[in-house]
Amino acid sequence: MTQEKFINSPYVEQMRKITNGLYTHGWDERNGGNVSYQLLESEIKPYADTGKVLRNESIDFDASEIAGQYYLVTGTGRYFKNVIDNPEGDTGLVQIAKDGHSVDILWGYNDGAQPTSEFPAHLMTHINRQHVDSNQRIVMHCHPTNLIAMSFTVPLDEKTMTRILWKMQAESVVVFPEGLGIIPYMTPGTNQIGEATADKMKEFRLVLWPQHGVFAAGDSMDETFGLIETVEKAALIYTTVQSQGGKFIQEISDADLENLTHRFGIKPNPNFIMGKSLISGK
Ligand code: 2HA
Ligand code: ZN
């Protein structure tokens, strides 16, 4: 054990940087967005100020499957704009209690904050991603403008939306070869939206919340942020194409998509790899 304080850990530093990045991209206005980072006991143990339960907060769903796990989580109502200067107030380190219905706060939330209102969606997503990815660590939610805008103008169909996004830049199919999952519009902060999101996360790492935002999951902050950057860049290109008149006279073809997947050795979603041309609509 060192006398090092948790606020100086690389985990808090990553949280400060990523919330600032989400804010400066314009994807987390006011108290929009939330991030959770699963930490291992071996990662938090060395710090002098993570070993005591400061208080306990109940959660109204069953997280017993991940009882004992540790999460660094942004606080409900807190502004991402401020996290960089106030991580000990606007984020907290929690451990899921044994019965799965409460969390022990070990560090942070030092002016009375609590975990994000989207904690059910985060923890349910962590649970389902851990089943398919042993390196799963991060869940990130934000409000990327162009992707949200597309949820008003493009049919909320996973194949249609994914193929448009794949065809906006060569990077897309390489970064999210499984495509984009979509749930119906639902009330934020509920267990229902959490369950629907986590269900999609069995297959996808990016899930669109129509007319609201996106959920992403991954093994690291960089990778998860990168998923959001890439899908939002594709949506920005689509928006720009629409503002140039919206008529496609060239496109990345299905054969081009296939070639990308061969070049990068990835397996695209077999249900999405072939379909309509953006030029002919057939
Ligand atoms: O308040 O983004 O979905 C944070 C949110 C809710
Ligand atoms: Zn939101």
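Positions are given from 1, in the same order as the sequence printed here. Every number for a ligand or one of its atoms is a count from 1 in the order of the listing.
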Check Asn34 against ligand 1 and report side chain, backbone, both or neither, counting heavy atoms closer than 4.0 Å. side chain
When rounded to the nearest 0.5 angstrom, what is the spacing between CE in Met15 and CG in Leu72? 4.0 Å
Can the ring centres of His25 and Phe225 be said to be less than 6.0 Å apart? yes
Do His101 and Phe61 have ring centres separated by under 6.0 Å? no
Taking the six-membered ring where the residue is Trp, are the ring centres of His212 and His141 under 6.0 Å apart? yes
Taking both backbone and side-chain atoms of Glu118, is any N or O found less than 3.5 Å from an N or O belonging to ligand 1? yes
Ligand 1 atoms in contact with Asn31 (distance to a heavy atom under 4.0 Å): 1 (O), 4 (C)
Below 2.8 Å, any N, O or S contact between His141 and the Zn ion (ligand 2)? yes
Taking the Zn ion (ligand 2) as the apex, His143 NE2 and His212 NE2 span an angle, rounded to 10°, of 100°
Using distance alone, with no hydrogens and no angle criterion, decide if Asn56 and Asp104 have a side-chain donor and acceptor under 3.5 Å apart. yes
Could you tell me whether Gly33 and ligand 1 have an N or O pair separated by under 3.5 Å? yes
